[in-house]
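Below is one structure, written out as structure tokens, with a few remarks after it.
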Amino acid sequence: MRFDLRLIAPQPWKNGAGLTREIAVARNAGTATGFDWRLSVAEVARDAPFSAFPGVDRCIVLLRGAGLRLRGGDGTLDHRLDHPLEPFHFSGEVPLRATLLGGASSDFNVMVRRGAWRAEVTCHHAAAAMPAAAVLMLLACAGEWQIGESPAITLRADQGLLRREPLAPAPPLRIRPTQADAKAVLLAVRLCHDQTP
């Protein structure tokens with residue numbers, strides 16, 4: 001499935017501090033959170049609390065803006081999310097306060113139910129082969145990217161691809177920028193079933 005962030009309807013936060021564009025979600029009514037995994041992009045317009053998600057592992061990636069300072073009320077977490085395209089993993093149990101470091105910021109978020117799923121988040125600037133996964137999401141952050149072969153899919157900034165693999169193993173998926181451009185960036189997320197004992 002291809003998607004364009006600009007065409008996904010934004011959902012305003014209840015506190016009015018930002019909005020979320022949900023790329024995809026695997027709903028599960030039998031869990032406390034109501035989902036197994038969720039992929040989204042948030043636009044934070046002002047300082048705001050982040051909801052706690054017990055039993056969930058989270059990763060956040062700054063896409064645009066000066067970033068955020070994330071602080072837990074119990075003092076266990078204090079992190080400056082101010083380097084674009086550097087994944088930051090943390091536990092969903094901790095309720096956080098997000099403070100803007102210099103104006104509105106946009107960030108990518110992935111949440112997975114701990115013990116059932118795990119997320120691998122990487123940023124790419126050059127050609128690579130993406131190993132198969134139960135769920136694979138690719139998001140072009142800058143530049144133009146060719147995905148796959150014969151025919152290749154072209155992704156431009158803010159466009160992405162979501163692929164769910166069948167149970168049979170699939171070959172790696174080739175990704176490459178159309179030009180040798182140091183500014184080309186592709187965000188990749190692999191969601192795999194967690195089989196850790």
Side-chain angles (χ1 to χ4, degrees), residues 1-63 68 70-74 76-77 79 81 87-98 105-122 130-139 147 155 158-170 173 187-197:
M1 175 190 85
R2 294 185 64 170
F3 63 88
D4 189 318
L5 289 179
R6 294 161 293 193
L7 301 180
I8 298 175
Q11 302 298 318
W13 295 0
K14 291 180 181 179
N15 60 17
L19 54 86
T20 295
R21 287 180 167 85
E22 186 176 85
I23 297 169
V25 61
R27 303 202 183 278
N28 185 338
T31 67
T33 58
F35 62 81
D36 279 333
W37 54 261
R38 183 172 184 249
L39 305 170
S40 63
V41 169
E43 296 175 19
V44 187
R46 61 179 174 82
D47 299 353
F50 275 25
S51 300
F53 288 92
V56 170
D57 288 327
R58 303 186 63 175
C59 180
I60 186 171
V61 182
L62 178 64
L63 298 176
L68 312 164
L70 302 174
R71 284 182 287 183
D74 60 1
T76 58
L77 190 150
H79 178 77
L81 188 78
F88 173 62
H89 296 265
F90 61 100
S91 171
E93 274 80 4
V94 182
L96 300 176
R97 176 86 183 166
S105 290
S106 175
D107 57 74
F108 171 81
N109 298 273
V110 57
M111 294 190 282
V112 296
R113 184 163 61 89
R114 188 177 304 125
W117 291 84
R118 57 184 170 82
E120 298 175 7
V121 183
T122 53
M130 295 301 306
V135 180
L136 175 65
M137 189 220 71
L138 304 174
L139 175 63
I147 312 299
L155 298 180
D158 291 332
Q159 295 179 339
L161 178 70
L162 181 72
R163 190 168 86 166
R164 301 184 193 215
E165 294 291 355
L167 293 178
L173 185 65
L187 179 68
V189 179
R190 297 177 67 248
L191 300 181
C192 303
H193 295 286
D194 192 351
Q195 299 178 349
T196 303

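Nearest heavy atoms, I23 versus V41: CD1-CG2, 4.1 Å. Listed here is the closest heavy atom pair of V112 and R118: CG2-CA, 4.2 Å. Here the closest non-hydrogen pair linking F3 and L138 is CZ-O, 4.1 Å. For L162 against A24, the heavy-atom pair with the smallest separation is CD2-CB, 3.5 Å. For the residue pair L19 and P10, the shortest heavy atom distance occurs at CD1-CB, 3.6 Å. A pairwise comparison of heavy atoms in H89 and A119 identifies CE1-O, 4.0 Å as the closest pair.
Ring centers of F88 and H79: under 6.0 Å apart, within the cut-off.
A distance of 4.5 Å separates CZ of R163 from CG of L173, quoted to the nearest 0.5 Å. Distance check, rounded to the nearest 0.5 Å: OG of S106 to CG of L5 gives 8.0 Å. Between S51 atom OG and N15 atom CG the span is 8.0 Å, to the nearest 0.5 Å.
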Exercise for review: Apply side chain to side chain contact (heavy atoms under 4.5 Å, CB included) to the pair R21 and R6, showing each step before the final yes or no.
Suggested key: CA-CA 9 Å; R21 287 180 167 85; R6 294 161 293 193; over 6 Å; no
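Judged by distance alone, the side chain of R190 and the main-chain N or O of P131 form a donor-acceptor pair under 3.5 Å.
Within a 6.0 Å sphere centred on CZ of R27, heavy atoms belonging to other residues, nucleotides or ligands number 12 at most.
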